[in-house]
Amino acid sequence: MSNLRVMSVFGTRPEAIKMAPLVQELSRREGIDSICCVTAQHREMLDSVLRVFSIQPDWDLDIMTPRQTLSTITSKCLTGMDEAIDQLRPDLILVHGDTSTTFAGALSAFYHKVPVGHVEAGLRTYDKYSPYPEEMNRRLVTALADLYFCPTENNRQNLRREGIEKEIFVTGNTVIDALKTTVRKDFTFTTELLNHLPYDSRKVILVTCHRRENYGEPMTQIMTALRRITEDFPEVELVYPVHLSPVVRETAEKYLGNHPRIHLIDPLDADEMHNLIDRCYMVMTDSGGLQEEAPALGKPVLVLRRETERPEAVAAGTVKLAGIEAENIYRMAAEILTTPGIYSAMARAVNPYGDGFACRRIADAILWYFGRGERPADFRG
């Protein structure tokens, strides 16, 4: 019996962090030939993750261009995938989450009549413009997929309510698997500033803010709140690895530049980001992945968005939804900074996103789907 050829397709930094441990797991499995195809939707930030996890892609579309649009990303991914699929001839294509690469990869697989496995399936806000374009990307991939790997039971129920009756597995989130290999107490940062921050004597807040739906007035509100928090609380040091988007960089410099306790730094490699989360006091973010990573490391999170497709952490108490209005963001951050009981309750809440064995369950599910093993038991958070 020939090996299954399983192609993992991803193109952005968040996808790469979550797919890297799965690529590694698949490469260790008997009966599977693991193939890695990257689109390089984010070139520099993708490459840093590949280096951290020692992954060498089998195919690289290298699509990134300055100030690229959603249309150019999708069209270049779609046409580039034609040759990759024709040459590599996979039995299954895995896509992750909700990026334009994810949608284009799934659509291309459908055009070539190759089954699609959707990693991190079933997340929903039910607002097609928030997050934008991610909410519609993942809903479109749901219609194209054949296998669904849901991080939580809530994600599975979302799919069931939408009438999905195909194979759905609750696996936990693969990012928890990644943290097992990246976080170390003796870690040394290559970004030298991070080696010298006063983690014990100050309250170091890690910030990320880059989502498209926050461009314009929402981002102005968020940055205004961050500046005020830093100015009003002298014990705060704010660290902001700024996304490479020119829009984000210009806004961050305008509102947060030239303050001695605000550190605007370049994007971090995955291992640096994970270890910074581990050492910081709290996280303020509009990112999806950090809502999963920070709770796993016992850090409270304020989400800088109106809604989240990850309600499990809100229900568990590790995450609070702060919105995008400056006054509300400031108030909620001040509560955590000044009320030990609130901080402690958030930091000690149980992380609902995984046990570090999601990749093992996904690999087992793939072998089962092709009649080569037993169906794995679901993760129960």
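Worth saying up front: this structure is predicted, and the values here are computed from it rather than measured. The figures here come from the full heavy-atom set of this structure, side chains too, leaving out hydrogens, waters and symmetry mates.
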* Would you sort out whether T39 and T101 count as a side chain to side chain donor-acceptor pair (under 3.5 Å), showing the intermediate values? => CA-CA 7 Å; T39 66; T101 286; 2.7 Å; yes
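- More than 12 heavy-atom neighbours from other residues, nucleotides or ligands sit within 6.0 angstrom of CG on N195.
- Looking at R305 and P131, their side chains come closer than 4.5 Å, going by heavy atoms from C-beta outward.
- Taking 4.5 Å as the limit, some side-chain heavy atom of H210 sits within range of a side-chain heavy atom of D286.
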* **Derivation and outcome, side chain to side chain contact (heavy atoms under 4.5 Å, CB included), residues I329 and Q221** => CA-CA 9 Å; I329 294 168; Q221 291 274 322; 5.6 Å; no
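- For the residue pair D355 and A358, the shortest heavy atom distance occurs at OD1-N, 4.4 Å.
- Within a 6.0 Å radius of CZ in F110, other residues, nucleotides and ligands contribute 12 heavy atoms or fewer.
- No more than 12 heavy atoms of other residues, nucleotides or ligands sit less than 6.0 Å from atom CZ of R306.
- The residues K254 and E250 are annotated as not salt-bridged, no charged nitrogen and carboxylate oxygen being separated by less than 4.0 angstrom.
- In summary, R228 and E327 engage in a salt bridge, as defined by a charged side-chain N under 4.0 Å from a carboxylate O.
- Between the side chain of D278 and the main chain of L297, no donor-acceptor pair closer than 3.5 Å is present.
- V350 belongs to no multi-residue hydrophobic cluster, having no ILVMFWY side-chain contact under 4.5 Å with any other such residue.
- Following chains of ILVMFWY side-chain contacts shorter than 4.5 Å, one can reach V52 starting from L46, so the two form part of one hydrophobic cluster.
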* Is there a side chain to side chain contact (heavy atoms under 4.5 Å, CB included) between V301 and L290 once you walk through the steps? -> CA-CA 8 Å; V301 181; L290 264 67; 5.8 Å; no
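- Salt-bridge annotation for R310 and E120: present, with a side-chain N of the basic residue lying under 4.0 Å from a carboxylate O of the acidic one.
- If you chain together hydrophobic residues whose side chains sit under 4.5 Å apart, L50 and M45 never meet in one group.
- Counted within 6.0 Å of CG on N258, heavy atoms from surrounding residues, nucleotides or ligands total 12 or fewer; the atom is thus considered open.
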* Show your reasoning for whether side chain to side chain contact (heavy atoms under 4.5 Å, CB included) applies to L107 and T74. => CA-CA 10 Å; L107 184 58; T74 303; over 6 Å; no
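- Through direct or indirect side-chain contacts shorter than 4.5 Å among Ile, Leu, Val, Met, Phe, Trp and Tyr, Y129 is connected to L70, Y132.
- With rounding to the nearest 0.5 angstrom, the CG atom of L4 is 8.5 Å from the CG atom of D33.
- Salt bridge R361/D378: absent, no basic N to carboxylate O contact under 4.0 Å.
- The neighbour count for E374 CD, taken as heavy atoms of other residues, nucleotides or ligands under 6.0 Å away, does not exceed 12.
- Annotation: E217, atom CD; neighbour count of heavy atoms from other residues, nucleotides and ligands within 6.0 Å is above 12.
- Using modelled atom types, one side-chain atom of N137 and one backbone atom of D98 make a donor-acceptor pair closer than 3.5 Å.
- Residues T152 and E312 have side chains that bring a donor and an acceptor to within less than 3.5 angstrom of each other.
- Taking the charged nitrogens against the carboxylate oxygens, D60 and R43 do have a contact shorter than 4.0 Å, which makes a salt bridge.
- The two residues R249 and L244 make their nearest non-hydrogen contact at NH2-CD2, 3.5 Å.
- A salt bridge between E231 and R227 is present, with a side-chain N of the basic residue lying under 4.0 Å from a carboxylate O of the acidic one.
- Contact between C37 and A84 at its shortest, heavy atoms only, is SG-CB, 4.3 Å.
- Linking ILVMFWY side-chain heavy atoms closer than 4.5 Å, directly or via other members, places V9 and I366 in two distinct hydrophobic clusters.
- Shown here for A333 and I229, the closest heavy-atom pair between the two residues is CB-CD1, 3.5 Å.
- Using a 4.0 Å cut-off between charged nitrogen and carboxylate oxygen, R360 and D364 do not count as a salt-bridge pair.
- A salt bridge does not link K18 with E15: none of the charged nitrogens is closer than 4.0 Å to a carboxylate oxygen.
- Not a single donor-acceptor pair under 3.5 Å links the side chain of S108 to the backbone N or O of A104.
- The minimum heavy-atom distance between T230 and L238, with the atom names listed, is OG1-CD1, 3.4 Å.
- Judged purely by distance below 3.5 Å, without hydrogens or angles, the side chains of E162 and T142 never pair a donor atom with an acceptor atom.
- The shortest side-chain heavy-atom distance between Y111 and I85 does not fall under the 4.5 Å cut-off.
- Within the 4.5 Å cutoff, the side chain of I168 has heavy atoms near those of the C150 side chain.
- Of all heavy-atom pairs between V204 and P198, the closest is CG2-O, 4.4 Å.
- Using a 4.5 Å heavy-atom threshold, the side chains of Y353 and V175 count as separate.
- For S48 and D269, the side-chain atoms include at least one donor-acceptor pair closer than 3.5 Å.
- When atom types are taken as modelled, the side chain of N328 and the backbone of G323 share no donor-acceptor pair closer than 3.5 angstrom.
- A heavy-atom distance below 4.5 Å is found between the side chains of R124 and R139.
- Looking at Y255, its side chain never comes within 3.5 Å of a backbone N or O of M219 through a donor-acceptor pair.
- For the pair T69 (side chain) and T72 (backbone), a donor-acceptor distance under 3.5 Å is present.
- Contact annotation: the side chain of P133 never approaches that of F103 to less than 4.5 Å [non-hydrogen atoms, C-beta and beyond].
- Tracing side-chain contacts under 4.5 Å through hydrophobic residues (I, L, V, M, F, W, Y), one never reaches I32 starting from I35; they form parts of separate clusters.
- The aromatic rings of F233 and Y330 sit tilted relative to each other, their planes meeting at an angle between 30° and 60°.
- With hydrogens and angles disregarded, a donor-acceptor distance shorter than 3.5 Å links the side chain of E272 to the backbone of T191.
- Aromatic ring orientation, Y343 versus Y281: parallel (interplanar angle below 30°, classes split at 30° and 60°).
- Atom CZ of R348 sits in a sparse spot, with 12 or fewer heavy atoms from other residues, nucleotides or ligands closer than 6.0 Å.
- Other residues, nucleotides and ligands contribute at most 12 non-hydrogen atoms within 6.0 Å of the NZ atom of K128.
- T99 contributes a side-chain N or O that, together with a main-chain N or O of T102, makes up a donor-acceptor pair within less than 3.5 Å.
- By the 4.0 Å N-to-carboxylate-O rule, R29 lies close enough to E25 to be salt-bridged with it.
- Within the 3.5 Å criterion, the main-chain N or O of I336 finds no donor-acceptor partner in the side chain of T339.
- Clustering of Ile, Leu, Val, Met, Phe, Trp and Tyr side chains at separations under 4.5 Å places F379 together with V170.
- Looking at E309, its side chain never comes within 3.5 Å of a backbone N or O of T125 through a donor-acceptor pair.
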* **Worked verdict on S130 versus E135 for side chain to side chain contact (heavy atoms under 4.5 Å, CB included)** => CA-CA 6 Å; S130 180; E135 176 69 9; over 6 Å; no
